[in-house]
Structure formats: structure tokens, C-alpha cells
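Step one of this worksheet: look at the structure below.
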Amino acid sequence: MKFNTKTIHAGQTPEKTTGAVMPPIFQTSTYIQDAPNVHQGYDYARVANPTRTALEKLIAGLEGAEHAACFASGVAAMDALMKQFRPGDHIITTNDIYGGSYRLFREVFEPYGIEFSFIDMTHLENVENEIKPATKLIWIETPTNPLLRIVDIQKIVAIARSNSIMTAVDNTFASPYLQQPLELGADVVMHSTTKYLGGHSDVIGGALATSNTDIMDKIRFQVKTSGAVPGPMDCYLTLRGIKTLAVRVERSVENAKKIAEYLKQNPKTGDVFYPGLSNHPQHEIAKKQMKDFGAMVSFSLKSCDIESAINFMKKTRIFTLAESLGGVESLISHPASMTHGSIPKKVREKAGLKDSLMRLSVGIEDAEDLLKDLEQAF
Ligand SMILES: *Cc1c(COP(=O)(O)O)cnc(C)c1O
């Protein structure tokens with residue numbers, strides 16, 4: 001099956017007892033057993049639920065993975081993967097990373113004795129220099145947040161493989177429609193299904209997918225033991241959202257390209273960060289590893305102060321000021337005071353994050369209306 005067909009059909013078969021075409025919401029915590037431990041594959045819903053199984057098969061299909069496991073949130077999925085590491089283990093990750101991932105690594109797993117290196121992975125020698133005998137995982141996020149840098153998945157995987165290190169990719173910003181990390185050699189792919197997969201800003205969820213059975217056994221052990229599982233209604237909403245993933249992402253990207261071009265030629269903007277612009281430093285890598293350039297665009301104003309940015313965001317009407325991304329509606333956010341507010345100004349600016357930087361999650365509205373909205377805000 002090709003990708004668009006998979007979004008509708010992967011893991012989906014009409015329900016056997018009634019012929020329901022859509023996967024039912026199995027709102028149950030337990031299942032009848034004919035004799036102790038003799039059942040139809042389901043014994044207790046923390047371990048498994050048929051609505052969740054349908055979603056897991058669908059996500060595995062989209063990522064070209066043998067297995068997938070779904071969680072109550074994106075960070076719960078990451079938490080389940082991280083729990084297979086032990087005190088003394090070392091993990092390399094990027095310095096331009098989702099704020100919640102940074103907090104999980106720094107404030108939950110570091111105190112348990114796992115060591116993290118946060119580096120700029122756009123320079124491969126930085127990765128090579130960080131590797132030591134205790135290094136067990138390279139955690140890649142690409143495109144990065146909020147500066148939309150692109151990390152070369154294949155090249156990092158090659159370095160990791162030659163050192164017997166596992167690689168995992170947070171594929172949330174790209175979505176499986178635009179980027180297939182397992183095909184590029186990564187061992188594990190992670191999603192906040194809250195974003196493009198769900199696509200409608202109405203559900204929180206996460207997923208891990210892999211073709212490595214040993215890794216998935218450890219993940220399933222965490223599903224059963226730590227139990228950060230999604231409810232069947234949330235799985236259903238995500239299943240429903242995924243059906244339109246391809247068309248939603250296609251339209252969002254089309255809009256994002258127009259907006260990036262508009263911002264680039266606007267004398268009132270400073271920097272414009274979009275991997276699809278030919279002057280983006282990793283434009284060629286994005287072209288190589290992504291089907292298209294995504295629908296996230298960041299830009300700063302010519303005047304670099306925080307007040308101008310705040311005024312701008314107060315004025316947009318269609319772009320809603322809110323955290324999150326990947327929904328059908330366009331959002332605008334202010335990383336310096338919202339997602340990255342806990343990072344000191346000096347450290348932020350050293351990483352290239354200016355106070356007037358704004359991040360757009362471009363939705364599927366008419367491009368003309370989105371452009372007009374930005375124009376009146378300027
Ligand atoms: C939102 C997000 C997460 C966390 O997912 P939740 O569903 O909010 O727990 C992780 N990584 C990235 C890139 C995200 O955007």
C-alpha cells in the first residue's frame with residue numbers, strides 16, 4: 001500500500017461481530033475469559049484495548065514499522081522509552097529541542113543518574129566528539145523547535161551504528177507524511193500524536209514505533225507496568241484525524257511556502273526560518289530527507305524588542321495566539337516568553353533565538369486570508 005491508502009486502511013478491518021466499518025470505541029476495562037488466562041488476546045485494558053490496537057497498527061503502517069505502542073501523551077511515550085536506560089548511561093540530544101523533552105531529560109532522568117549532552121547536531125563532528133563508552137542513545141529532533149534547523153538523520157544514524165548506539169527520532173514536526181525516519185535507518189520513531197496525526201487540536205496522545213522486537217518488548221513492558229495509556233475515545237479521535245493527514249499536511253505546506261516567501265520579501269521582518277527557503281542553511285538536507293518542507297515557519301521582526309512582537313501577536317485575528325501546532329487552524333506563538341521562557345535571555349540569544357521571534361503553525365485556511373492577516377498585523 002502507498003502512503004495515502006495506508007492513512008485510510010492500514011490496520012483497519014471492519015469489526016467482526018457487527019461489520020462496523022469504523023473501529024468502535026471499546027469502552028471497557030476488562031474482557032471475559034473462558035478459563036483462567038484463556039481469552040481472545042485481551043485480558044485487561046491497561047495492557048491492550050482494541051481501539052488502541054487499531055491506532056497502533058495504523059501508526060506502525062505509516063512509519064513503515066513492525067510495531068507501535070500508543071501513550072496518553074507525547075512525553076509519556078518518551079518517558080516509556082527512557083525507562084530502559086540505567087544510571088550511568090549517557091544520551092546525546094540536540095540543544096534546539098522541544099521544551100517538554102528538555103524538562104523530562106533534565107529534571108526527571110538526570111536526577112536518576114542518566115547523563116545527557118545537549119549539542120548542535122547540525123555539525124556532525126559535535127556528535128562524534130560527544131560519544132563515549134556509556135553512550136546508549138542519540139535522540140534526534142528534526143526539524144528543530146523553534147529555529148527549524150534540519151538534522152541529517154542518515155549521517156547521524158551511520159555514526160551511531162558504527163558505535164552500536166540506538167537512535168530515536170522525534171518526528172512530530174514533520175509527520176510521517178513528510179519524513180520516514182525508520183527508512184533513513186533510525187531504530188525508533190516517536191510522535192506527539194497531539195499535533196499533525198490528531199490534526200484537530202482536540203486530543204493529547206503519543207506513540208513509539210520500531211521494527212526492533214527487543215526494543216518494543218521493553219516498551220510494551222512499560223505500557224503494562226507504568227501504564228501511561230490513552231483512553232479508547234482518544235485513540236478513536238486520533239484514528240479519525242489520521243484519515244485526512246495527507247491532505248491536511250499537503251495544504252498546510254502549500255500555505256506555509258506562500259507565507260515564508262511573503263515574510264522573506266517583507267522589509268519589516270528580520271530573519272525568516274523555513275527549511276523550504278533556498279537560503280536555509282540545511283535546505284539541501286531537508287530536500288534529501290523530507291518529502292516537503294513542513295508547515296512551521298518562524299520569523300523575527302526587524303525591530304528586535306519583545307514589545308513589538310507582543311503587539312504583532314495581539315493584532316493577528318486568524319492566527320490564534322496559542323501553544324501547540326499541527327492542527328487545521330493556524331496558530332502563532334512567542335517562544336521567548338512561552339515555550340522557551342525558562343531559558344535565560346543570554347542563552348536564548350546565543351542559540352539564535354531572538355526576543356522578537358514568532359513561530360507560526362500554518363493551518364489549512366485560504367492562504368489569501370492568512371497573508372492578509374499578517375499584512376494587517378504588520
Ligand atoms: C508537543 C511535542 C512533544 C510532547 O508531546 P505532548 O503530546 O504534548 O506530550 C514532544 N515533541 C515535540 C516536537 C512536540 O511538539
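First listed ligand is number 1; within each ligand, the first listed atom is number 1.
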Would the number of heavy atoms belonging to other residues, nucleotides or ligands and lying under 6.0 Å from NZ of K57 be above 12? no

Taking only heavy atoms of L325 into account, list the atoms of ligand 1 that are under 4.0 Å away from them. 15 (O)

We want to know whether T94 and D96 form a side-chain donor-acceptor pair, criterion being a heavy-atom distance below 3.5 angstrom. no

Ranked by distance from atom 3 (C) of ligand 1, the top protein heavy atom is Y98 CE2, 3.3 Å

Could you report the tightest heavy-atom contact between S298 and R359, atom names first, then the distance? OG-CG, 3.4 Å

Just to confirm my output: which protein heavy-atom neighbour is closest to atom 11 (N) of ligand 1, and how far is it? D170 OD2, 2.7 Å

Students should be able to answer this: which protein heavy-atom is nearest to atom 15 (O) of ligand 1, and at what distance? K195 NZ, 2.8 Å

When you measure from the side chain of N126 to the backbone of I119, do you find a donor-acceptor pair of N or O atoms at a distance under 3.5 Å? no

Do the side chain of N49 and the main chain of A45 share a donor and acceptor less than 3.5 angstrom apart? no

Consider every N or O of V75 and every N or O of ligand 1, then say whether any pair is closer than 3.5 Å. yes

Quick check on N145 - does any of its heavy atoms sit under 4.0 Å from an atom of ligand 1? no

Side-chain donor/acceptor pairs under 3.5 Å, residues 287-294, sequence neighbours excluded:
from, atom 1, to, atom 2, distance (Å)
K288, NZ, D152, OD1, 3.2
K288, NZ, D152, OD2, 2.8
Q289, OE1, I153, N, 2.9
Q289, NE2, V151, O, 2.7
D292, OD1, K257, NZ, 2.9
D292, OD2, K257, NZ, 3.1

Within 4.0 Å of some non-hydrogen atom of S192, the atoms of ligand 1 are 1 (C), 2 (C), 3 (C), 4 (C), 5 (O), 6 (P), 7 (O)

Check R103 with E107, please: is the shortest side-chain N to carboxylate O separation under 4.0 Å? no

Within the structure, is a non-hydrogen atom of T193 found at a distance of less than 4.0 Å from ligand 1? no

Report yes or no: does a heavy atom of G205 sit under 4.0 Å from some atom of ligand 1? yes

Should T194 be counted as touching ligand 1, given the test is an N or O pair under 3.5 Å? yes

Short N or O distance, I204 and ligand 1, threshold 3.5 Å exclusive: no

Is K136 positioned over the aromatic face of F109, cation under 6.0 angstrom from the ring centre and no more than 45 degrees off axis? no

